[in-house]
Amino acid sequence: MVLEASDHAAGSWPHYYDSLTLFSPARYNALPGMPSPGADRDRYPHRDEVVTYLTAYADRLDAETRTGCRVTAVRRTGDGFTAELEGGARLSARAVVAASGTFGHPHRPALPGLQEFTGQVLHAAEYRSPARFSGRRVVVVGAGNSAVQIAAELAETAHVTLATRGPVKFAAQRILGRDLHFWTARIGLDTAPLGRFLARPPAQPVLDDGRYRAALATGRPGRRALFTGAVGPKLLWPDGQREEVYAIVLATGYRPDLPYLAPLRGALDDEGTPPAPRGDCHRCAGAGVRRAGMAARPVVELAARRRPGRGPRRPAPRRPSRAPLTELSALVRCVST
């Protein structure tokens, strides 16, 4: 059984910004048993394609999917677990997989002057399109893929500054005519268990085919070091300049959205993140918009072993998974937000 908090089997995907395009080719985002549709599997899927794909996958999945079911707590009961739902209902299961991702927990860092700023402040999770910002002065905070994508899109119709703590780091989208993901898969880097040796995953560079680097070079958007404070609607920049700003868009990432696991002893650390795996807890990190299939594969295979003969219909043969331990954030229950 899959419990989905939203009213749609595609979870949070319909709520991402309208122009979102994956930075990994379609072939690397397919889930087990169902290849990405279309002849060109090297294209970069749009958000709506992902929504359509996930909806179709849920329809053919040999499992009951219940939408509008938000889990508020998971508790250990005897040799199994009890999931408590919003509204008071309870469900019992022998095993639970937490697959709620991060979209429901946007990270809003304590930036200098943010509390004093009287203009609009929104997170990338709330951003949809540049329409309402046309002709305005907007500051986008962040140096990752979403920050650069949103800033470049806004810069077509607004006056935009990308505010970062350091220079934006780029990585070539394609090398020798092949997408970067082809090479990481070829050498096994995408499945290497490097995460077990790292306290935190390293910051990812912006994957770029040249357009974003060129946009920054021409000042659309511009880039400045992070502001140092705010007075009313004006931001204070490190060089002493004061600038009136209509809105700040925080493209500052997300954190694991797993509050319902708090009742399980040892399931979360002090920051609400699953600790290293031990006992019955198997930790896997959310794949986000990259390699969703790679992260989901071990969960589907585990479910198939527990329930022989069940799983996605018409499964495609696959080699044994080598997915790294850092590529899922999980413990127990099938739930998605």
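Quantities reported herein were computed from a predicted structural model and do not represent experimental measurements.
Side-chain atoms of Q120 and R132 include a donor-acceptor pair closer than 3.5 Å. Side-chain contact check for R255 and H107: at least one donor-acceptor pair (N or O, by modelled atom type) lies under 3.5 Å. Side-chain N/O atoms of E4 and S6 include a donor and acceptor closer than 3.5 Å. Side-chain N/O atoms of N29 and S24 include a donor and acceptor closer than 3.5 Å. Side-chain atoms of Y260 and S100 form a donor-acceptor pair, as typed in the model, at a separation below 3.5 Å. No hydrogens or angles considered: a donor-acceptor pair under 3.5 Å links the side chains of Q149 and Y17.
Cation-pi geometry between R76 and F81 is met: the NZ or CZ atom falls under 6.0 Å from the ring centre, inside 45° of the normal. The cationic atom of R178 (NZ for Lys, CZ for Arg) lies less than 6.0 Å from the six-membered ring centre of F182 and within 45° of the ring axis.
Counting heavy atoms from C-beta outward, L264 and V74 have side chains that approach closer than 4.5 Å. Side-chain contact between L216 and F170 is present, with heavy atoms from C-beta onward closer than 4.5 Å. Annotation: side chain of N145 is not in contact with side chain of Y212 (no heavy-atom distance under 4.5 Å). Put simply, the side chain of H123 reaches to within 4.5 Å of the side chain of T252, judged on heavy atoms. In this structure the side chain of T21 never reaches within 4.5 angstrom of the side chain of S19, judged on heavy atoms. F133 has its side chain within reach of Y246: a pair of non-hydrogen atoms, C-beta onward, lies under 4.5 Å apart. Within the 4.5 Å cutoff, the side chain of K169 has no heavy atoms near those of the V206 side chain. Contact check for R224 versus D239: side-chain heavy atoms found under the 4.5 Å cut-off.
Judged purely by atom type and a 3.5 angstrom limit, S134 has no side-chain atom pairing as donor or acceptor with the backbone of A131. A donor-acceptor contact shorter than 3.5 Å is absent between the side chain of H46 and the backbone of L22. With R128 contributing its side chain and H15 its backbone, the two residues share a donor-acceptor pair below 3.5 Å. The backbone N or O of R70 sits nowhere less than 3.5 Å from a side-chain atom of T72 that would complete a donor-acceptor pair. Under the 3.5 Å distance criterion, the side-chain polar atoms of T164 are left unmatched by any main-chain donor or acceptor of A143. With Y53 contributing its side chain and L31 its backbone, the two residues share a donor-acceptor pair below 3.5 Å. At distances below 3.5 Å, at least one donor-acceptor pair connects side-chain atoms of T52 with backbone N or O atoms of D48. The backbone N or O of D40 lies less than 3.5 Å from a partner atom in the side chain of R43, making a donor-acceptor pair. In this structure, R66 contributes its side chain and C69 its backbone to no donor-acceptor pair below 3.5 Å.
A continuous path of hydrophobic side-chain contacts links L122 to L20 [ILVMFWY only; heavy atoms under 4.5 Å]. Hydrophobic cluster membership is shared by Y28 and L180, with clusters built from Ile, Leu, Val, Met, Phe, Trp and Tyr side chains linked at under 4.5 angstrom.
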For E84 and R90: C-alpha separation, side-chain torsions, deciding distance, then whether salt bridge (charged side-chain N to carboxylate O under 4.0 Å, His left out) applies. CA-CA 5 Å; E84 299 175 2; R90 297 188 177 191; 3.8 Å; yes
Could you walk me through whether D79 and R94 pass salt bridge (charged side-chain N to carboxylate O under 4.0 Å, His left out), step by step? CA-CA 7 Å; D79 60 352; R94 289 186 303 167; over 6 Å; no
Stepwise, does the salt bridge (charged side-chain N to carboxylate O under 4.0 Å, His left out) test hold for E49 with R47? CA-CA 5 Å; E49 290 184 69; R47 177 203 65 182; over 6 Å; no
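Rounding to the nearest 0.5 Å gives a distance of 8.5 Å between OG1 of T65 and CG of D59. We find the NZ-CD distance between K234 and E244 to be 6.5 Å, quoted to the nearest 0.5 Å. Taken to the nearest 0.5 Å, the CG atom of L91 stands 9.0 Å off from the OG1 atom of T82. In this structure, L236 CG and T228 OG1 are separated by 5.0 Å, a value rounded to the nearest 0.5 Å. To the nearest 0.5 angstrom, R213 atom CZ is 13.0 Å from T218 atom OG1.
When the shell of 6.0 Å around CD of Q115 is examined, it contains 12 or fewer heavy atoms from other residues, nucleotides or ligands.
Other members of the cluster containing I248 are L111, L114, F117, V121, V139, V141, L226, F227, L235, W237, V245, L250, with ILVMFWY side chains joined at under 4.5 Å, either directly or via other members.
Under a 4.0 Å N-O distance rule, the pair R220/E153 does not qualify as a salt bridge.
Nearest approach of T55 to A10, heavy atoms of both residues: OG1-CB, 4.1 Å. Annotation for V160 and V140: closest pair CG1-CG2, 4.1 Å, computed over non-hydrogen atoms. What you find for A9 and A58 is that their closest heavy atoms are CB-CB, 3.6 Å. The shortest non-hydrogen separation linking L258 to A98 is CD2-CB, 3.9 Å. For the residue pair R223 and G166, the shortest heavy atom distance occurs at NH1-O, 3.4 Å. When all heavy atoms of R137 and T161 are compared, the closest pair comes out as NH1-OG1, 3.9 Å.
Residues F103 and Y254 bring their aromatic ring centres within 6.0 Å.
Tested against Q173 for a side chain to side chain donor-acceptor pair (under 3.5 Å), the candidates D208, D179, D209 yield a single pass: D179.
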